[in-house]
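To keep things clear, I will list the structure first and then write my remarks on it.
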Amino acid sequence: MSSPTATIDRERLATLIERERAAHRDANPESRRRFEAAQEALFAGVPMSWMAKWAGGFPLHQAEARGARITDVDGHEYVDFALGDTGAMAGHSPAPLVRAVAERIGGAGGVTTMLPTEDAAWAGVELRRRFGLPIWSFTLSATDANRFALRTCREITGRPQVLVFSWCYHGTVDETFVIDEGGVARSRPGNVGPMVDPATTTRVCEFGDLDAVERLLADEQVACVLTEPALTNIGIVLPPDGFLAGLRATTRATGTLLVIDETHTFSAGPGGCTAAWDLEPDLVTIGKSIGGGVPVGAYGMSRAVADAALAREQADYVDTGGVGGTLAGNALSLAAVRATLGEVLTDDAFVGMTTLAERFTAGVEDTLEAAGAPWSITRLGARAEYRFTAPAPRTGGESAAVSDEALDEYFHLFALNRGILMTPFHNMALMCPATSTADVDRHTEVFRAAVDELFAPRP
């Protein structure tokens, strides 16, 4: 890429944002009306507070979703690159999932019974094939999977602490809302009502800092390291060469368990980064996408971890010990997992999804080079994300420091007003089996137009 030369005229940016806000309001009167009416009954006017994050002052209201398309209540159709922030990585309502859910509800009957089904064992075998770990248990979310994994690690090691990386994201797990500020652990900004300061439960350093990991694990008081193989929710931050191998060596040397969270990095391939990069974790957690959007999560364990957990006679894994849940492992969720992994997010599907993400990335790179824009894009398998900085951030702290809410709003609204849906929390695009070359090229066209308008010379 050529040396960036373009600079941002902030006054022009503000004018463009106001134009796009007005266009959004004018084009979506019914979504706006429903959002305003919902204020009387729904917290923040939405069924789940994160849904208020969308740019433009109010979220669109969904009417229909199929494949890689969403239609809103005002009749606009969108190419969906958000895909429920990976929850719909399989695409919206793929036919095998629809059949499986219909059969479970209306055919075989029974959504949840506290009894196992054949689908559960099938799912465990398939996850073993993909991720290499032999023993699996199911939850309703990746948050639960991470929470239960941390409990299990503390139980079998007898150690009180965990280690995570600054600006990580592992769902709504109390111990993980912590950042590194100059070598000091701090509760992450915006953390709501923590029951204890997470700095009392958690050690933290920057992703990629192996020296810090070695120092923080040296006293052997850390039960486990919980990490994504690449950070994702603060923008994609890839690991430096040798870091994950060094992390594995250090955890083994100190008797610390290694938990790999593949919830978002599943985009790297059918076995996530664990398979793609030959990782050797003690536990793997995952959620969202393996059920095609039907609530589910899972965690896999090595035989040694599973045996150690079951050997702890005083640990109650079957009633009130803090691991489990009445709806976890229910028949509907596991039917959805079998359909999604068996027929939709197959090994072959990932080949096509990754090829499209490569095309998406190339389109953004070509646009940035042509404009001399000082930005970057990073790809992880079927997922890509651009950041308003170059080179791409190397740590969570670096990525957080270059956040630009004005640019985020401009690009999200510009795309939204032209039929492109990006993930509202950041500039992530995900491919699903239903995504097409034309969809990717449409994004390139819209993104190029947004960049050209932003950097156009003053008249």
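Bear in mind that the values here come from a model prediction, so they are computed numbers and not experimental data.
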With no hydrogens and no angle check, do the side chains of [X] and [Y] hold a donor and an acceptor under 3.5 Å apart?
| X | Y | answer |
| --- | --- | --- |
| Arg359 | Thr437 | no |
| Thr346 | Asp348 | no |
| Glu228 | His264 | no |
| Asp439 | Ser436 | yes |

Inset, instruction - Could you tell me which non-hydrogen atom of Phe360 sits nearest to which non-hydrogen atom of Ala384, and how far apart they are? - result: CD2-CB, 4.0 Å
Legend entry - Short N-O contact, Lys53 and Asp408, less than 4.0 angstrom: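 No, Lys53 and Asp408 are not salt-bridged.
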Legend entry - Ring geometry between His443 and Phe447 (parallel below 30°, tilted from 30 to 60°, perpendicular above 60°):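 Parallel: the ring planes of Phe447 and His443 meet at under 30°.
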Legend entry - Trp375 and Phe455 aromatic ring geometry - parallel, tilted or perpendicular at 30°/60° bounds: tilted
Legend entry - Reported CG-to-SG distance for the pair Leu380 and Cys273, which is rounded to 0.5 angstrom: 4.5 Å
Inset, instruction - Compare all side-chain heavy atoms of Pro229 with those of Trp277 and state whether any distance is below 4.5 angstrom. - result: yes
Legend entry - Glu262 side chain vs Ser267 backbone, donor-acceptor pair below 3.5 Å: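 No; judged by distance alone, with no hydrogens or angles, the pair does not exist.
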Inset, instruction - State whether the side chain of Arg442 and the backbone N or O of Arg418 hold a donor-acceptor pair below 3.5 Å, judged by distance alone. - result: yes
Inset, instruction - May I ask you to check whether Phe350 and Phe266 place their ring centres under 6.0 Å from each other? - result: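 Here the rings of Phe350 and Phe266 have centres that are less than 6.0 Å from each other.
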